[in-house]
Number of protein chains: 2
Amino acid sequence: MTAYHAAWAWLGGDDLVAHVTIVEEGGAIIEVTTEGPTPHDAVRLEGVVLPGLVNAHSHAFHRALRHRTHGDGGDFWRWRETMLRVAGRLDPDNLAELATAVFAGMALTGITTVAEFHYVHHDVDGDLYRDPNAMGHALVDAAHQAGIRIVLVDTCYLRGGFDAPLEGVPRRFGDGDAERWAERVDLLRRFYREDPMVRIGTAAHSVRTVPPEALQTVVGYAASNGMPFHIHLSEQTAENEAALAATGRSPTQLLHEAGGLGPGTAVVHATHLEPADVARLGHAGVNVVACPTTEADLGDGLGPFIELATAGATLAVGTDQQVSMDLFAEARGIEHHDRLRLRRRGVHSPAALAAAATVGGARAVGTMQRGIAVGAPCDLAVVDPGAPTLAGWSPSDGIAGIVFGGSAYAVTDVVVAGRRIVEAGAHHRFDDVVARIDRAVRAVLA
Amino acid sequence: MTAYHAAWAWLGGDDLVAHVTIVEEGGAIIEVTTEGPTPHDAVRLEGVVLPGLVNAHSHAFHRALRHRTHGDGGDFWRWRETMLRVAGRLDPDNLAELATAVFAGMALTGITTVAEFHYVHHDVDGDLYRDPNAMGHALVDAAHQAGIRIVLVDTCYLRGGFDAPLEGVPRRFGDGDAERWAERVDLLRRFYREDPMVRIGTAAHSVRTVPPEALQTVVGYAASNGMPFHIHLSEQTAENEAALAATGRSPTQLLHEAGGLGPGTAVVHATHLEPADVARLGHAGVNVVACPTTEADLGDGLGPFIELATAGATLAVGTDQQVSMDLFAEARGIEHHDRLRLRRRGVHSPAALAAAATVGGARAVGTMQRGIAVGAPCDLAVVDPGAPTLAGWSPSDGIAGIVFGGSAYAVTDVVVAGRRIVEAGAHHRFDDVVARIDRAVRAVLA
């Protein structure tokens with residue numbers, strides 16, 4: 001049992017609350033008090049305490065692409081060629097090294113849960129590793145090492161496009177059919193059933209790469225096992241056009257017909273939607289994972305985030321391709337993209353944006369994180385109000401300053417399952433996180 | 001005479017050059033060598049050396065607004081009400097305190113020249129201070145204290161709108177007519193004539209707030225004295241609509257008719273332009289100051305930056321309302337905004353974006369900065385390649401990493417006029433820059 005005393009804490013809403021005592025036992029919060037004496041042995045968190053941040057969409061290995069896709073014109077094909085080159089070089093060892101470093105880096109930024117959208121399953125010829133989940137285990141081991149929770153979103157990826165087989169590096173992504181995908185995932189699900197730091201999730205890469213019947217199988221498997229289901233949806237107009245040409249339907253319609261819309265579903269990006277798609281997604285109560293820095297970097301466009309939220313969807317955020325590693329930037333990116341699109345300020349409340357990076361993300365990835373509340377996992381992130389970007393702001397001014405001025409650089413302490421894994425900006429296990437990322441990236445590129 | 005040895009330097013183009021010796025005398029660069037021995041007494045700059053960054057559009061006092069305009073709906077009017085409240089509380093003393101802290105903060109981020117777009121000229125009743133330039137001198141003194149160069153862009157601001165007088169706080173902005181504005185500016189111009197760290201520039205706040213004849217007077221005064229001329233242009237569609245309704249012309253047309261288009265002109269924002277405006281601005285070879293973080297925060301929209309550059313304009317960047325203080329973010333913001341608008345990657349070359357933050361800005365503000373070259377002022381900013389955002393990248397990979405992964409946090413050393421004003425992340429005069437900003441903001445808001 002540990003008691004933490006937060007100088008300030010965000011308990012929801014636009015305000016911050018002073019002097020909050022958070023008591024944990026067995027990794028869960030058993031008491032939250034805002035009055036009365038602080039236990040004399042309480043661990044003092046001298047900053048603004050937030051629920052641990054949830055990174056609802058990550059491809060850890062994309063970290064190796066950062067800054068390497070802008071040369072030679074830097075178009076989408078340059079990006080894709082680099083991505084496939086890196087994907088072609090991964091193996092369980094170098095992936096574990098890279099992901100350990102990347103996840104430790106995430107911990108330093110306040111992230112306590114990562115949803116890893118994992119599709120590099122097989123060897124370079126597309127054949128099974130001896131352990132068919134060698135790559136998935138590498139990712140889970142990495143999260144264990146880094147001290148954060150992982151939702152391994154194991155991704156079904158069966159074809160190169162509506163009318164194209166998997167060829168070249170993408171053969172690594174494919175299980176042949178959805179049944180074999182499910183069998184492999186079932187091994188993971190059973191193996192990690194008792195591990196409170198791991199959850200196995202499901203995904204279809206996209207409606208482009210998973211045919212309708214297989215999509216139905218994935219969705220059915222997720223539903224019958226109570227697992228979250230993720231999918232890239234309408235990130236670029238080309239996907240919409242291809243779906244329409246091949247099937248006469250929008251990606252959202254295809255997903256709907258496969259039974260894939262519901263509160264356990266997270267659609268990633270959801271950039272280019274017709275009003276009917278927005279209404280359908282909102283009515284189903286899906287989660288929408290916005291990744292604004294990626295959507296800017298890849299030139300995807302500005303998604304209809306406020307329309308989705310108003311229609312009933314829950315917003316979450318992800319670092320996606322790791323072009324940045326800062327969920328504060330992703331959360332305010334939702335607001336900035338909507339402001340740029342709608343040409344007005346004040347679209348989302350600051351509290352709604354803070355929720356996207358915390359409890360909204362938790363809903364999207366199917367974990368128990370419910371904020372700083374009794375019964376929730378004791379996952380916390382502490383922001384230093386003395387950070388340069390916050391000079392002149394006070395916690396008594398409310399959560400807006402954290403949302404618009406917080407940053408990865410302002411996080412000092414991180415608690416996962418009641419244990420402090422980052423203290424005063426230092427990771428409890430690795431004192432060389434940046435050097436580790438550097439080495440791991442070079443090892444993959446070598 | 002000081003010799004600096006740069007581990008790496010950006011001399012233009014997409015590549016970085018190793019082992020560059022930069023020799024300065026009297027504040028100017030007199031030699032740049034990439035071969036031969038390094039002088040044994042050279043000061044070693046262990047990072048990537050860039051020309052000093054130029055902040056081509058700043059309102060220092062807006063720093064006090066940061067994080068205070070998002071509550072209560074956070075719409076544009078909330079922003080404007082807060083801005084005017086702050087503007088109403090400024091006096092020469094608290095402005096000097098605030099600007100000193102803000103400019104010292106800029107120095108820490110690699111900025112060596114700030115163009116301060118200055119319009120709070122008079123006392124709270126709109127009357128002259130005993131020294132009619134008390135507020136302008138406060139800003140120049142602040143830059144001196146902070147050790148950076150200032151281009152004081154003294155701004156003419158005569159009415160509240162096309163058909164509205166100045167009322168309330170904005171009376172502080174007005175000189176009554178353009179002749180009196182010019183007389184006041186002339187005092188500044190003559191006073192600072194011999195100061196190599198100061199340049200006096202001119203501005204009209206906008207075509208909305210300066211009538212055509214007065215605009216002509218301002219433009220003529222700037223031209224006859226070889227001074228830069230700045231103006232906010234078509235930041236929001238409302239300005240275009242108001243201009244069209246009142247005059248039948250676009251803001252760009254009005255500026256053209258006043259003789260205000262030329263290579264000495266910098267138009268700020270230029271967000272909403274018709275193709276004819278773009279062609280006219282490009283043909284005239286104007287400078288365009290993009291302020292992407294402000295344009296996102298205020299919901300202005302996505303400007304046609306690549307079209308302007310292609311038509312012949314030179315791009316620069318500014319921190320504007322100080323919602324962020326990071327010219328690396330502003331420079332890549334040009335690319336991100338164009339990607340989001342055009343839905344494709346690789347719009348500007350990394351070198352063009354680096355130029356916008358350095359030599360492009362210098363052209364826009366009329367200083368001599370021409371990059372790391374003989375005859376240019378010895379203004380330098382050093383980026384640490386070991387920064388977290390750059391892990392996995394090497395200087396030999398080229399400037400793209402600096403543009404897309406550089407940040408205010410990665411700047412270690414700054415040289416202005418040959419003297420080091422920031423060393424290992426510390427300001428040479430102030431060891432408490434963040435606390436100073438904090439205090440100064442609170443003093444203004446108190």
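Note that the coordinates shown come from a computational prediction; the quantities given were computed from them, not determined experimentally. No hydrogens, no waters, no symmetry mates; every other heavy atom, side chains included, goes into these values. Proteins come first, then strands; the chains are lettered A, B, ... in the order of their sequence lines, and each starts at number 1.
Contact tally against chain A (heavy-atom pairs below 4.5 Å) for B:Glu335, B:Arg344, B:Arg68, B:Gln322: the top residue is B:Arg68. Of all the listed residues (A:Ala440, A:Ser394, A:Gly392, A:Ala64), the one sharing the greatest number of non-hydrogen pairs under 4.5 Å with chain B is A:Gly392. In terms of heavy-atom pairs under 4.5 angstrom with chain B, the leader among A:Gly346, A:Pro388, A:Ala391 is A:Ala391. If you tally non-hydrogen atom pairs under 4.5 Å between each of A:Ile437, A:Leu298, A:Leu342, A:Thr237 and chain B, the highest count goes to A:Leu298.
Only the side chain of B:Ser407 comes within contact range of chain A, with heavy atoms under 4.5 Å apart. Looking at A:Ser349, there are no atoms closer than 4.5 Å to chain B (heavy atoms on both sides), in backbone or side chain. Heavy atoms of B:Arg332 lying under 4.5 Å from chain A are absent altogether. Heavy atoms of B:Asp14 lying under 4.5 Å from chain A are absent altogether. For B:Trp79, the parts lying near chain A are the backbone and the side chain together; criterion is any non-hydrogen pair under 4.5 Å. Proximity to chain B (any heavy atom under 4.5 Å) is shown, for A:Arg341, by neither the backbone nor the side chain. In this structure, chain A has a heavy atom under 4.5 Å from the side chain of B:Arg66, while its backbone stays farther away. Of the atoms belonging to A:Val434, heavy atoms from both backbone and side chain fall under 4.5 Å from chain B. Neither the backbone nor the side chain of B:Arg436 comes within less than 4.5 Å of any heavy atom of chain A. Neither the backbone nor the side chain of A:Arg439 has a heavy atom closer than 4.5 Å to any heavy atom of chain B. Using a 4.5 Å cut-off between heavy atoms, A:Leu108 does not touch chain B at all. For A:His348, no part lies near chain B; criterion is any non-hydrogen pair under 4.5 Å.
Relative ring orientation between A:Phe404 and A:His336 is described as tilted, the plane-to-plane angle lying within the 30° to 60° band. Aromatic ring orientation, A:His59 versus A:Phe61: perpendicular (interplanar angle above 60°, classes split at 30° and 60°).
In this model, no donor atom of one side chain and acceptor atom of the other lie less than 3.5 Å apart for B:Thr271 and B:Glu295.
Under a 3.5 Å cut-off, the side chain of B:Asp338 and the backbone N or O of B:Ile306 do form a donor-acceptor pair. No donor-acceptor distance shorter than 3.5 angstrom exists from the side chain of A:Gln236 to the backbone of A:Ser234, with no hydrogens or angles considered. With A:Asn240 contributing its side chain and A:His272 its backbone, the two residues share a donor-acceptor pair below 3.5 Å.
To the nearest 0.5 Å, atom CG of residue B:Leu95 and atom OG1 of residue B:Thr100 are 8.5 Å apart.
At a threshold of 4.5 Å between non-hydrogen side-chain atoms, the residues B:His269 and B:Leu233 do not count as touching.
In plain terms, the two heavy atoms of B:Val317 and B:Ala357 that are nearest each other are CG2-CA, 3.8 Å.
The neighbour count for A:Glu81 CD, taken as heavy atoms of other residues, nucleotides or ligands under 6.0 Å away, is above 12.
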